[in-house]
Colleague: 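Before I ask anything, let me first share the structure, which is written out below as structure tokens.
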Amino acid sequence: MENQYALMAAGFINALSPVNIIIMIASVTMGIIIGCMPGLSAAMGVALLLPLTFGMEPSSGLIMLGGIYCGAIFGGSISAILIHTPGTPASAATALDGYALTLKGKAGKALGTACTASFFGGLLSCLSLYFFAPMLAELAMKFGSPEYFWLSLFGLTIIAGINSDSMILGLMSGAFGLVLSTIGMDPMEGVERFMFGQDSLYNGVNITCALIGLFSLSQAFILAEKAIVKRAKAVEFDDSVLLSGSEMKRITPTIIRSWIIGNIIGILPGAGASIACFMGYNEAKRFSKHPEEFGHGSIEGVAGSEAANNAVTGGSLIPTLTLGIPGESVTAVLMGGLIIHGLQPGPELFTKYASMTYTFFGGFVFVQFFMLAIGLVGSRLFAKIARISDAILIPSIFVLCVVGSFAINNNFTDVVIMFIFGIIGYIMRKVNMNTAAVVLALILGPLGERGLRRSLSLSGNDISVLFSTPICKVLIALSLLSLLSPFFIKLYKKGSKNA
Amino acid sequence: MKKSELAVVIFMLVFCGFFYTQTLALPKAAQSYPLFVITLLAVLSVLQLIKMVISCHGHLSVVNDAGTVWKDFLPKQFFTFFIGSILFFVAMYLVGFYPTALVYMALMMKYFHIPTKHAVLTIVILLVLIYGVFTEALNVPLPVGELLYDYL
């Protein structure tokens with residue numbers, strides 16, 4: 001335990017290096033800009049800016065990705081409040097009361113509430129990151145090959161089951177990704193598989209190319225297919241973004257409730273910030289002394305939604321870093337970033353690479369402070385940026401996709417692979433398939449394959465080895481449960497709609 | 001059943017068939033895992049097909065849902081961007097990244113009727129950013145182009 005405290009302290013100190021501070025300021029700013037632009041998502045932003053981390057220390061690279069993630073989740077509230085268009089789905093509930101406050105001439109108050117609630121939601125979520133992540137990592141130490149096979153299947157069932165309209169389509173997306181993950185050298189036999197004469201496919205499909213194509217280029221295609229819409233003019237405001245003592249007192253219980261909700265949703269892989277914001281909003285309304293204000297401009301409504309969606313960020317990192325099962329597309333991209341830096345999620349992050357991990361955790365805490373400061377100071381400017389036309393974004397995203405994918409190995413093949421994945425991602429989105437499941441399958445596929453084949457090889461092809469330990473049984477049960485989770489979510493959504 | 005869903009199932013089954021034939025060319029020991037995942041995808045595709053048939057409630061017919069899938073789709077704008085992207089790759093290979101990006105951005109912005117002032121500002125900011133980050137900081141040797149390679 002003492003060692004852990006020492007690592008935590010060292011992490012905070014390392015995170016405050018001048019380079020990291022610059023990275024935090026830049027990444028939070030970029031994240032807020034991406035988040036406040038309707039049509040761009042946090043996952044898209046993290047994937048697009050992933051190549052910028054190539055030359056960095058792993059901890060600095062991760063801090064950057066974390067900063068973009070948190071900034072984007074908060075940034076969505078700016079356009080939700082000022083132009084009634086949520087920048088990201090995670091801010092959909094914020095638009096309900098945020099814009100109503102704007103219409104009342106209290107846009108500054110709404111933005112201040114969103115920023116403060118996001119700050120506390122994110123900061124408190126770091127507590128659970130510090131507390132639960134090492135515990136879960138210790139559990140992961142007990143994992144052997146059979147457990148890793150089931151873990152990879154569990155991860156796939158979660159993301160495939162939750163993030164798509166049809167569960168079978170989601171699972172098909174995952175299985176499609178699993179087939180693609182077999183491209184490259186066979187890990188046990190050392191023979192070429194489905195490489196079609198391309199040496200660059202020796203190590204399989206490059207994850208970064210797939211990420212940029214599936215999330216960023218496909219987004220450019222989506223924007224390019226529709227008429228360019230002129231965005232509504234952001235409302236000018238002159239009221240203060242700072243909250244008074246009584247307002248802080250009023251939103252504090254809401255923030256704490258939403259933190260707990262957002263954190264639990266974040267830790268449970270699959271649900272994500274877009275569900276957390278509505279749950280946080282609903283609970284804020286249920287416990288409020290002034291429920292009649294909701295929908296007409298309640299700061300509790302804004303705080304409930306924003307604290308919950310930002311509390312997801314720290315929570316969702318727990319299963320991502322410890323077990324390697326990201327619950328949503330942004331953390332899947334973040335996990336891709338981790339792997340690009342040569343790190344595998346799991347117990348090693350808390351033993352061999354503990355110093356790097358705690359530096360990232362420390363940075364993640366400071367990112368929340370920068371988000372508060374930059375959000376409060378720059379909200380007027382971000383409101384103007386939120387109006388940037390899609391016509392400017394489309395070619396800009398494309399050029400950045402090309403540079404980013406080229407920078408991976410300085411070769412043209414990666415650009416072509418990125419482009420192919422861009423087309424795959426676009427078509428998948430058109431037919432309601434799940435691009436995040438493909439990415440996750442590309443990441444988890446090799447892990448699951450090694451787990452399965454090693455288990456069978458060591459047991460002399462005895463399949464019962466896959467069911468031999470209690471952890472295997474728990475993981476099988478969790479996989480089955482996650483397959484049923486869409487029904488529970490549907491029931492919840494139906495219930496909250498009726499309410 | 002919807003035409004788009006049927007197309008997905010057919011594509012996936014063809015995809016499985018293609019990878020299945022490729023798998024047969026591998027040594028026996030290397031076939032098992034690819035066959036496992038290919039079978040998984042094929043089974044899920046068939047399950048999806050069964051689900052679609054059941055949802056027809058006895059009236060088996062294919063509904064053309066192109067109007068929903070391609071709602072608000074502007075073919076001219078989309079394919080201008082798409083073909084422009086492919087031309088970008090060709091031009092980048094021949095004349096290098098920076099000249100290509102400059103011309104591409106300028107033409108695309110012109111096509112989208114972006115005011116000249118905004119277009120110039122965007123191009124300058126983006127290219128300076130790329131130069132600073134990728135060329136200077138990360139030392140990425142962005143393509144100079146086959147045609148210019150001997151001169152640079």
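Lettering of chains follows the sequences in order, A, B, ..., and the numbering in each one begins at 1.
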Colleague: Quick one: closest heavy-atom pair of A:Met172 and B:Leu41, and the distance?
Modeller: O-CD1, 3.6 Å
Colleague: Check each atom of B:Lys76 against the heavy atoms of chain A and say whether the ones under 4.5 Å are side chain, backbone, both or neither.
Modeller: neither
Colleague: Under the side-chain contact (heavy atoms from CB on, under 4.5 Å) rule, what do B:Gln22 and A:Phe196 come out as? Steps first, then yes or no, please.
Modeller: CA-CA 10 Å; B:Gln22 296 287 315; A:Phe196 312 107; 3.8 Å; yes
Colleague: How long is the straight-line distance from CZ of B:Phe78 back to OH of A:Tyr426, given to the nearest 0.5 Å?
Modeller: 4.0 Å
Colleague: What's the verdict on side-chain contact (heavy atoms from CB on, under 4.5 Å) for A:Val431 and B:Glu5, showing C-alpha distance, side-chain angles and the deciding distance?
Modeller: CA-CA 7 Å; A:Val431 295; B:Glu5 289 180 347; over 6 Å; no
Colleague: Do you know the tightest heavy-atom contact between B:Ala30 and A:Val191?
Modeller: CB-CG2, 3.6 Å
Colleague: Between CD1 of A:Ile228 and CG of B:Leu74, what distance do you get to the nearest 0.5 Å?
Modeller: 8.5 Å
Colleague: To the nearest 0.5 Å, how far apart are CD in B:Gln77 and NZ in A:Lys226?
Modeller: 10.5 Å
Colleague: NZ/B:Lys51 to CE/A:Met167 distance, rounded to the nearest 0.5 angstrom?
Modeller: 8.5 Å
Colleague: Checking heavy atoms, do the side chain of B:Thr122, its backbone, both or neither come under 4.5 Å from chain A?
Modeller: side chain
Colleague: Which residue out of B:Phe79, B:Tyr93, B:Phe112 racks up the most heavy-atom pairs below 4.5 Å with chain A?
Modeller: B:Phe112
Colleague: Report which part of B:Phe134 has an atom under 4.5 Å of a heavy atom belonging to chain A: side chain, backbone, both, or neither.
Modeller: side chain
Colleague: Please classify the contact between A:Ala441 and chain B as side chain, backbone, both or neither, with a heavy-atom cut-off of under 4.5 Å.
Modeller: neither
Colleague: A:Phe176 versus chain B, heavy atoms under 4.5 Å apart: side chain, backbone, both or neither?
Modeller: both
Colleague: Tell me, side chain or backbone of B:Ile130 under 4.5 Å from chain A's heavy atoms, or both, or neither?
Modeller: side chain
Colleague: Pick whichever of A:Ile392, A:Thr182, A:Asp186 has the most heavy-atom pairs under 4.5 Å with chain B.
Modeller: A:Ile392
Colleague: What part of B:Thr23 gets closer than 4.5 Å to chain A, counting heavy atoms only: side chain, backbone, both or neither?
Modeller: both
Colleague: Heavy-atom distance under 4.5 Å to chain A: side chain of B:Phe88, backbone, both or neither?
Modeller: side chain
Colleague: Under 4.5 Å from any heavy atom of chain B, what part of A:Leu452 do you find: side chain, backbone, both or neither?
Modeller: side chain
Colleague: Taking it one step at a time, do B:Val140 and A:Phe54 satisfy side-chain contact (heavy atoms from CB on, under 4.5 Å)?
Modeller: CA-CA 10 Å; B:Val140 176; A:Phe54 288 167; over 6 Å; no
Colleague: Could you look at B:Val133 and say if it's the side chain, the backbone, both or neither that has a heavy atom under 4.5 Å from chain A?
Modeller: side chain
Colleague: Specify the closest pair of heavy atoms between B:Leu138 and A:Pro51, including all atoms of both residues, with the distance to one decimal.
Modeller: CD1-O, 3.6 Å
Colleague: Count the heavy-atom pairs under 4.5 Å between each of A:Ile388, A:Asp390, A:Asn410 and chain B, then report the option with the highest count.
Modeller: A:Asn410
Colleague: Where do B:Phe82 and A:Ile423 land on the side-chain contact (heavy atoms from CB on, under 4.5 Å) test, with the steps shown first?
Modeller: CA-CA 10 Å; B:Phe82 188 82; A:Ile423 297 168; 3.8 Å; yes
Colleague: Kindly compute the distance separating CD (A:Glu189) from OG (B:Ser32), expressed to the nearest 0.5 Å.
Modeller: 8.0 Å
Colleague: Between B:Phe15 and chain A, with a heavy-atom cut-off of 4.5 Å, which part of the residue counts as in contact: side chain, backbone, both or neither?
Modeller: side chain
Colleague: Which atoms of B:Pro75 come close to chain A, meaning under 4.5 Å heavy atom to heavy atom: side chain ones, backbone ones, both, or neither?
Modeller: neither
Colleague: Roughly how far apart are A:Leu153 CG and B:Leu40 CG, rounded to 0.5 Å?
Modeller: 8.0 Å
Colleague: Answer with side chain, backbone, both or neither: which region of A:Phe419 has an atom nearer than 4.5 Å to a non-hydrogen atom of chain B?
Modeller: side chain
Colleague: Counting C-beta onward and ignoring hydrogens, is there a side-chain heavy-atom pair between B:Tyr33 and A:Met188 closer than 4.5 Å?
Modeller: no
Colleague: Checking B:Phe81 against chain A: side chain, backbone, both or neither under 4.5 Å from a heavy atom?
Modeller: side chain
Colleague: Answer with side chain, backbone, both or neither: which region of B:Pro27 has an atom nearer than 4.5 Å to a non-hydrogen atom of chain A?
Modeller: side chain
Colleague: What residue in B:Phe36, B:Trp70, B:Phe97 has the most heavy-atom pairs under 4.5 Å with chain A?
Modeller: B:Trp70
Colleague: Side chain, backbone, both or neither: which part of B:Tyr104 has an atom under 4.5 Å from a heavy atom of chain A?
Modeller: side chain
Colleague: Can you check whether anything in residues 394-403 of chain A gets within less than 4.5 Å of chain B, heavy-atom wise, and list it by number?
Modeller: A:Ile394, A:Pro395, A:Ser396, A:Phe398, A:Val399, A:Leu400, A:Val402, A:Val403
